Amino acid sequence: RKEVEQDPGPFNVPEGATVAFNCTYSNSASQSFFWYRQDCRKEPKLLMSVYSSGNEDGRFTAQLNRASQYISLLIRDSKLSDSATYLCVFDSGNTGKLIFGQGTTLQVKP
Amino acid sequence: NAGVMQNPRHLVRRRGQEARLRCSPMKGHSHVYWYRQLPEEGLKFMVYLQKENIIDESGMPKERFSAEFPKEGPSILRIQQVVRGDSAAYFCASSPSPGQAPTDTQYFGPGTRLTVL
């Protein structure tokens with residue numbers, strides 16, 4: 001099983017749509033999970049951390065399923081400005097290094 | 001509070017030359033991480049440093065690559081005798097804590113885009 005698997009997309013959705021991304025990981029020792037956003041191969045920026053209980057930040061909802069080893073990101077009411085690549089990220093389980101997924105590209109169209 | 005700073009932003013080298021990439025962490029952060037993003041690929045961890053110490057270099061190529069984070073000054077990623085395959089974006093990140101799980105947020109610099117001719 002790959003260390004991390006993420007559907008590269010692209011996901012092409014109209015404004016206002018709801019879109020969901022999933023990401024699976026293989027390292028059961030990982031304890032910290034994040035979604036980062038990357039625009040046009042600029043630096044990744046933290047979108048949100050992902051907690052076991054699930055967490056929401058405005059239009060964004062993140063979920064963690066430890067049993068099945070996946071995390072998800074739900075974006076409601078998509079905006080044009082949401083167009084970006086969304087990176088699934090988690091820690092390696094020992095040192096602070098982060099493991100990045102290849103990213104899922106989202107294109108929101110008017 | 002300035003963010004993570006990296007320079008140069010763009011660097012062009014010919015095969016066989018040396019490349020030096022610099023990273024200044026956010027104020028108050030003493031932990032630095034280097035990642036590389038090859039074209040059309042995700043970010044890959046290279047090395048994790050604290051002041052004057054290399055904590056984890058499991059992602060560093062065995063030859064030609066080295067990193068340091070001296071007591072004073074920025075962290076340096078050094079690539080000797082560059083080859084075309086070294087062309088990539090090199091991102092530096094910093095965090096305030098020892099990097100133990102659960103992992104503290106890492107803040108990324110704008111990256112250095114290295115092009116090897």
Side-chain angles (χ1 to χ4, degrees), chain A residues 2-10 21 23-53 55 57 62 64 66 71 84-106, chain B residues 3-7 9-10 23 25-26 29-50 53-60 67 87-115:
Chain A
K2 286 185 179 178
E3 201 167 33
V4 56
E5 292 197 65
Q6 198 175 355
D7 182 348
F21 308 135
C23 169
T24 58
Y25 63 95
S26 61
N27 186 352
S28 58
S30 295
Q31 296 187 41
S32 301
F33 305 87
F34 311 90
W35 283 101
Y36 276 73
R37 168 185 171 140
Q38 187 175 31
D39 293 83
C40 299
R41 298 183 74 80
K42 293 183 179 179
E43 74 270 27
K45 293 185 178 178
L46 179 67
L47 181 65
M48 58 197 305
S49 300
V50 187
Y51 303 116
S52 296
S53 54
N55 47 301
D57 183 2
L64 165 63
R66 286 189 186 273
I71 65 173
T85 297
Y86 290 83
L87 307 172
C88 157
V89 184
F90 53 94
D91 74 286
S92 64
N94 42 35
T95 66
K97 72 180 184 184
L98 297 178
I99 310 296
F100 283 78
Q102 189 173 357
T104 297
T105 299
L106 172 66
Chain B
V4 179
M5 298 175 69
Q6 289 188 250
N7 65 83
R9 296 289 300 275
H10 299 273
C23 169
M26 286 180 71
H29 289 192
S30 57
H31 304 271
V32 166
Y33 312 80
W34 286 93
Y35 296 84
R36 176 167 68 173
Q37 187 170 32
L38 295 170
E40 309 306 321
E41 292 190 17
L43 277 79
K44 301 292 185 189
F45 168 80
M46 299 182 76
V47 62
Y48 163 34
L49 310 105
Q50 295 177 24
N53 282 306
I54 295 175
I55 305 303
D56 181 349
E57 57 181 347
S58 58
M60 287 282 269
S87 296
Y90 292 82
F91 291 101
C92 167
S94 72
S95 72
S97 295
Q100 298 168 8
T103 302
D104 275 318
T105 299
Q106 294 181 18
Y107 298 88
F108 282 80
T112 293
R113 275 142 187 87
L114 172 66
T115 301

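Naming: A, B, ... by sequence-line order, numbering from 1 per chain. Please read all numbers here as calculations on a predicted model, not as lab measurements.
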Residues A:Gln38, B:Phe91; criterion side-chain contact (heavy atoms from CB on, under 4.5 Å); working and verdict: CA-CA 12 Å; A:Gln38 187 175 31; B:Phe91 291 101; 4.0 Å; yes
Residue B:Glu41 versus chain A: region with a heavy atom under 4.5 Å: backbone
Enter the distance from A:Lys97:NZ to B:Glu57:CD here, rounded to the nearest 0.5 Å. 11.5 Å
Would you give the length of the straight line joining atom OH of B:Tyr107 to atom CG of A:Leu46, rounded to the nearest 0.5 angstrom? 7.0 Å
Ignoring hydrogens and geometry beyond distance, is a side-chain donor-acceptor pair present between A:Glu43 and B:Gln6 at under 3.5 Å? no
Can you tell me which residue among B:Tyr48, B:Tyr35, B:Phe45 is in a side-chain contact (heavy atoms from CB on, under 4.5 Å) with A:Leu98? B:Tyr35
Does B:Met5 CE have over 12 foreign heavy atoms under 6.0 Å away? no
Between B:Leu43, B:Asp56, B:Val4, which shows the greatest number of heavy-atom pairs under 4.5 Å with chain A? B:Leu43
Would you list the pairs meeting salt bridge (charged side-chain N to carboxylate O under 4.0 Å, His left out) in which at least one residue belongs to residues 23-37 of chain A, sequence neighbours left out? A:Arg37-A:Asp39
Pairwise distance CD(B:Gln106) to CZ(A:Phe34) - rounded to 0.5 angstrom: 7.5 Å
